[in-house]
Protein chains: 2
Amino acid sequence: MTTLRDLAKHLGLSPATVSRALNGFPEVGEKTRIRVLEASERLRYKANSTAKRLATGKSGMVGMIFRSSRNLLVDPHFVDFLAGLSTGLADHELDLIIHTAPQRDLLAHYERFASSGSVDGMIVSAPELNDRRITTLNERDFPFVVHGRTGDDVGYAYFDIDNDAAFAAATSLLIDLGHNRIALLNGEAGLAFVVQREIAFRRVAAMRGLHIPDRFVSHDLMSEEHAFVHATEMLSGRLGPAPTAFLCSSTLQALGVIRAASAAGLVIGTDLSIIAHDDVLPHLRPENFNPPLTVTRSPIRMAGTALAEMMGARISGVDPLQLQRMVSADLIVRASTGAAPLTGRAGWPH
Amino acid sequence: MTTLRDLAKHLGLSPATVSRALNGFPEVGEKTRIRVLEASERLRYKANSTAKRLATGKSGMVGMIFRSSRNLLVDPHFVDFLAGLSTGLADHELDLIIHTAPQRDLLAHYERFASSGSVDGMIVSAPELNDRRITTLNERDFPFVVHGRTGDDVGYAYFDIDNDAAFAAATSLLIDLGHNRIALLNGEAGLAFVVQREIAFRRVAAMRGLHIPDRFVSHDLMSEEHAFVHATEMLSGRLGPAPTAFLCSSTLQALGVIRAASAAGLVIGTDLSIIAHDDVLPHLRPENFNPPLTVTRSPIRMAGTALAEMMGARISGVDPLQLQRMVSADLIVRASTGAAPLTGRAGWPH
DNA sequence: AGACGCAATTAAACCGGTTTGAAAAAGTTC
DNA sequence: GAACTTTTTCAAACCGGTTTAATTGCGTCT
């Protein structure tokens with residue numbers, strides 16, 4: 001393995017000059033630079049990245065920590081985010097370190113990452129309402145960016161979609177269409193975006209005089225299968241009058257609702273309306289569903305690239321308050337939403 | 001940030017002794033060790049991992065490179081593999097680096113990783129039949145493990161399932177049931193496992209006297225949507241007599257076939273039989289399909305953990321030839337396979 | 001020719017750990 | 001208590017780069 005000193009000796013130069021030549025410093029003579037570049041090519045010299053890091057104090061990596069138990073890595077939403085993130089990081093010549101830790105000493109692992117110099121920054125995903133990972137990193141003054149936000153007025157860099165506006169608009173649309181029994185299939189309890197969506201949904205419903213019993217709001221993994229189970233139960237009548245509309249946190253859940261509705265003999269768009277949030281997963285296109293799905297849309301992959309960009313800026317010292325972005329989701333009305341069936345216009349009793 | 005020297009000065013010891021005390025070397029006095037550990041706790045000392053790496057020559061990381069274009073990261077099969085891998089690596093105190101590179105200089109990035117010392121080993125996934133990544137790493141004598149294998153007699157560490165046996169068994173089962181028009185929905189052309197599965201399928205079909213026209217064998221992303229499109233086309237009759245059975249490389253594709261069959265008014269298990277390979281994706285359980293799906297099963301997540309284990313061994317110097325594992329997939333017969341409909345027993349003409 | 005300015009190069013310190021070889025301290029043996 | 005082990009500690013070199021401060025070489029001005 002060729003080192004910088006080997007190369008320097010070979011050329012009859014000092015390591016300092018060689019280092020400068022390779023890194024494009026201006027004070028190196030033009031003929032020398034060419035000579036160095038040629039020799040480094042010929043001897044297949046590759047700078048040892050560890051040594052470089054130690055000398056410069058930059059690792060060129062950002063970290064992400066996963067709980068070994070709860071498997072975020074299997075969630076397609078999350079993975080698409082990851083895809084956007086890692087390609088975005090590549091533009092800044094940053095690599096991503098995936099680290100897994102058991103739930104109980106998750107925070108200790110964040111601390112170790114933050115203070116051992118192995119990464120220049122961290123990505124925090126799927127924050128909960130009071131997320132101790134965020135407070136820990138904030139205290140240490142360590143660069144990090146968050147996908148989502150824990151409140152309205154926070155002091156860290158984040159990228160988020162306007163969950164409140166999106167779900168308020170979706171709820172309004174359903175009520176305008178005459179739906180008075182609307183069920184919500186939400187994500188896992190505790191996650192910030194889940195709470196935000198539910199608050200918007202319940203606020204608009206209450207404003208319009210609707211009562212939503214808790215048993216028609218589910219909190220679970222956003223998978224086809226879980227949604228199928230919940231929707232089947234809700235449509236069965238065992239919990240009370242069946243909803244005439246479903247609001248889903250994900251198009252995957254919409255698939256489950258469609259399967260449950262087919263089994264129950266219901267026609268989507270006529271007997272039952274569905275709106276879902278569309279994260280624009282590459283292999284799941286709600287515009288091709290039958291019927292095409294009404295959605296609130298915002299590509300989650302874009303969140304990944306945006307956060308990669310922010311991470312780069314944050315590492316170069318940009319103030320986190322300058323790195324806060326919220327985008328709105330588009331409400332796209334298609335054929336899965338229609339007027340509520342006349343037979344089912346009564347709301348749930350208070 | 002406390003360094004080792006700070007700590008040593010604070011204790012009135014030499015850096016050497018402190019380093020030894022922290023790393024559990026035997027030649028340190030017991031009372032000294034305790035003193036050191038206490039002080040390091042109190043001063044919140046965390047060893048700089050970059051410096052450690054430089055000194056020891058081990059990075060504690062393994063790398064994985066993705067093409068920025070073809071998006072493996074979005075493939076749920078692949079992601080589940082990744083989940084198994086990263087938790088398995090954690091057991092060996094290894095972290096995973098995710099690196100993205102454009103297709104055209106993919107190999108250069110592999111070389112850089114292999115010779116810059118930034119990782120101790122590499123993971124190669126989704127190999128093609130003649131995969132230059134493998135030859136490149138092999139030439140450099142750099143530790144790596146492969147998920148899958150490019151041939152029967154290879155000189156590197158791999159974990160693979162017996163694709164040939166699995167697809168031969170599945171094909172035999174269908175033919176035994178009287179099916180003479182069997183379509184194959186395969187993965188992307190060129191991938192090793194895709195070729196292996198197709199060879200097994202065609203060999204058994206030929207042995208039993210069946211002709212399989214190329215237009216009833218598709219090569220594409222293994223997604224629900226692509227499978228739906230191909231199955232719809234094949235069932236339409238536009239390509240010739242419709243198949244009475246589908247063999248799928250993934251349960252996702254089976255979902256697409258089921259959707260296409262429903263649209264065509266076909267009953268699964270009676271009018272149309274389906275077998276798929278089940279990678280045991282956590283949110284997609286073919287035993288809960290309606291009807292439950294006949295599968296060849298092998299958890300892809302297990303492949304991830306097995307390869308993590310192998311990577312650890314390979315890094316500690318175990319001979320790659322000792323690290324070759326092939327497991328067989330179980331054929332699990334459920335209700336999605338039934339006797340071929342009497343009306344459709346004629347095979348495709350030669 | 002001497003003084004000066006500028007560009008190109010270098011020696012040496014540094015990043016923060018680990019490890020070797022030697023020295024000091026402590027413990028045994030006679 | 002001297003001689004000899006054995007245990008514990010230390011100074012210095014090392015990993016392979018970067019960077020500061022000093023030095024050399026060369027053309028220019030007077």
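Naming: A, B, ... by sequence-line order, numbering from 1 per chain.
The aromatic rings of A:H147 and A:F159 are tilted relative to each other, their planes meeting at an angle between 30° and 60°.
When heavy atoms are screened at a 4.0 angstrom cut-off, A:R20 is found touching base atoms of the nucleic acid. Residue contacts for B:T32: at a heavy-atom cut-off of 4.0 Å it reaches the sugar-phosphate backbone alone, with no base atom in range.
Atom CD in A:E27 sits about 12 Å away from atom C1' in D:dT18, given to the nearest Å.
Proximity of A:S49 to B:R112: side-chain heavy atoms (C-beta onward) are nowhere separated by under 4.5 Å.
Evaluation of atom-type donor-acceptor distances gives no pair under 3.5 Å for the side chain of A:R5 against the base of D:dT18.
Comparing D:dT19, D:dT18, D:dA12 by their nearest atom to the side chain of A:A55 picks out D:dT18. If you check D:dT19, D:dT20, D:dT9 against the side chain of A:F25, the one that comes closest is D:dT19.
Remark: B:R132 does not engage B:E111 in a salt bridge, criterion side-chain N to carboxylate O under 4.0 Å. Ion pairing of A:K31 with A:E38 is absent here, as no side-chain N (NZ or NE/NH1/NH2) approaches a carboxylate O to less than 4.0 Å.
Each of A:P15 and A:P26 was assigned the nucleotide of DNA chain C with the nearest heavy atom; the assignment lying further toward the 5' end belongs to A:P26. Where A:K52 and B:V28 meet DNA chain D, the nucleotide closest to each residue was compared, and B:V28 sits on the side nearer the 5' end.
The outermost nucleotides of DNA chain C lying under 4.0 Å from heavy atoms of chain B, listed 5' to 3', are C:dG16 to C:dG21.
For B:D152, the CG atom is loosely surrounded, since the number of other residues' heavy atoms within 6.0 Å does not exceed 12.
Contact annotation: B:T17 does not reach the phosphate of D:dT9 (side-chain N/O to OP1 or OP2, under 4.0 Å).
Remark: side-chain polar atoms of A:N23 are paired, donor with acceptor, to backbone N or O of A:S19 under 3.5 angstrom.
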